[in-house]
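Atoms within a ligand are numbered from 1 in the order they appear, just like the ligands themselves. Numbers here are sequence positions counted from 1.
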Amino acid sequence: MVRILLKFSEELVGQPITAEIILEHKVPINIITAHVDSKGGEVLAEVPDEALETVVKAFRQRGATVTLPKLIEIDKEKCFDCGACVSLCPVEAITVAEDCSVNFDKEKCVGSTCSACVEACPAGAIKSVKQNAELANNAH
Ligand code: SF4
Ligand code: SF4
C-alpha cells in the first residue's frame with residue numbers, strides 16, 4: 001500500500017470525489033486521517049501499489065492536489081527509550097511497553113503530515129524517509 005495526501009479546495013470539499021473514484025476504478029482507498037471543514041480538506045489515505053498511478057491521476061483530474069508524504073524510520077540503535085516522543089504523537093503510534101522500551105506502530109503513523117517526533121528526538125533516532133522511489137516517480 002502507498003500513502004497519499006489529498007488536498008481539496010473550498011469548491012471541491014463538498015463533492016463525493018473519493019467515493020466516485022472508488023466506484024469508477026474499483027479500487028479500495030483506505031482513509032487514515034481526514035481534516036475537513038467548509039474551507040477545504042486534507043485527507044491522508046492508502047491505496048494499493050498497483051492502483052497508485054490511476055488514483056493519483058483521477059484525483060488530479062478532478063482538481064485535488066496529491067502528494068506522497070514521507071514516512072518515518074526508527075534507528076533502534078540510537079533510541080535510548082527516553083520517552084520524549086511518546087506524548088507528542090497525536091495518533092498514539094508511539095507507546096511504552098511493560099519493560100519501558102518505546103515502540104512505534106508505523107501503520108498508525110501519519111508521517112510527514114506530522115513529524116512531531118522527528119523534530120523532538122534528542123538522539124536523532126527518527127528520520128523522515130521517502131516512500132518507494134519508483135512508486136513516487138509514477139505518481140508525478
Ligand atoms: S510522525 Fe507524528 S504520527 Fe508519526 S509516530 Fe511521529 S509523532 Fe506519531
Ligand atoms: S525521543 Fe528518540 S530517543 Fe527518545 S524514545 Fe523517542 S525515539 Fe527514542
I32 and E46: CA distance, side-chain angles, deciding distance, side-chain contact (heavy atoms from CB on, under 4.5 Å) verdict: CA-CA 7 Å; I32 297 165; E46 223 174 31; 4.0 Å; yes
hydrophobic_cluster_shared for I22 and V13, side chain cutoff 4.5 Å: yes
Minimum-distance protein heavy atom relative to atom 3 (S) of ligand 2: F80 N, 3.6 Å
Protein contact of atom 1 (S) of ligand 1 - nearest heavy atom, named by residue and atom, plus distance: S115 N, 3.5 Å
Under 4.0 Å to a heavy atom of D81 - the qualifying atoms of ligand 2, by number: 5 (S), 8 (Fe)
V43 and F8, any side-chain heavy atoms less than 4.5 Å apart: yes
Pairwise side-chain contact, D81 with S101, heavy-atom cut-off 4.5 Å (strictly under): yes
Heteroatom test (N, O or S) for C114 near atom 2 (Fe) of ligand 1, limit 2.8 Å: yes
Enumerated ligand 2 atoms positioned under 4.0 Å from heavy atoms of I126: 7 (S)
Nearest non-hydrogen protein atom, atom 4 (Fe) of ligand 2: C82 SG, 2.3 Å
Flag side-chain contact, heavy atom, 4.5 Å: D105 against T95: no
Any side-chain heavy-atom pair of I4 and V47 under 4.5 Å: yes
N/O/S atom of C79 inside 2.8 Å of atom 4 (Fe) of ligand 2, strictly under: no
For atom 2 (Fe) of ligand 2, the protein heavy atom that lies nearest, with its residue and separation: C121 SG, 2.3 Å
Part of V91 within contact of ligand 1 (heavy atoms, under 4.0 Å): side chain
Any side-chain heavy-atom pair of I29 and T18 under 4.5 Å: yes
Which of the ligand 2 atoms, numbered from 1, are nearer than 4.0 Å to a heavy atom of P122: 1 (S)
Shortest protein contact, atom 8 (Fe) of ligand 1 (heavy atom only): C89 SG, 2.4 Å
Residue G83 vicinity, atoms of ligand 2 by number, heavy atom under 4.0 Å: 4 (Fe), 5 (S)
Protein residue, atom and distance nearest to atom 6 (Fe) of ligand 2, heavy-atom basis: C85 SG, 2.3 Å
Salt bridge (charged side-chain N to carboxylate O under 4.0 Å, His left out) evaluation trace for E42 with K7: CA-CA 5 Å; E42 194 174 280; K7 291 188 182 169; 3.8 Å; yes
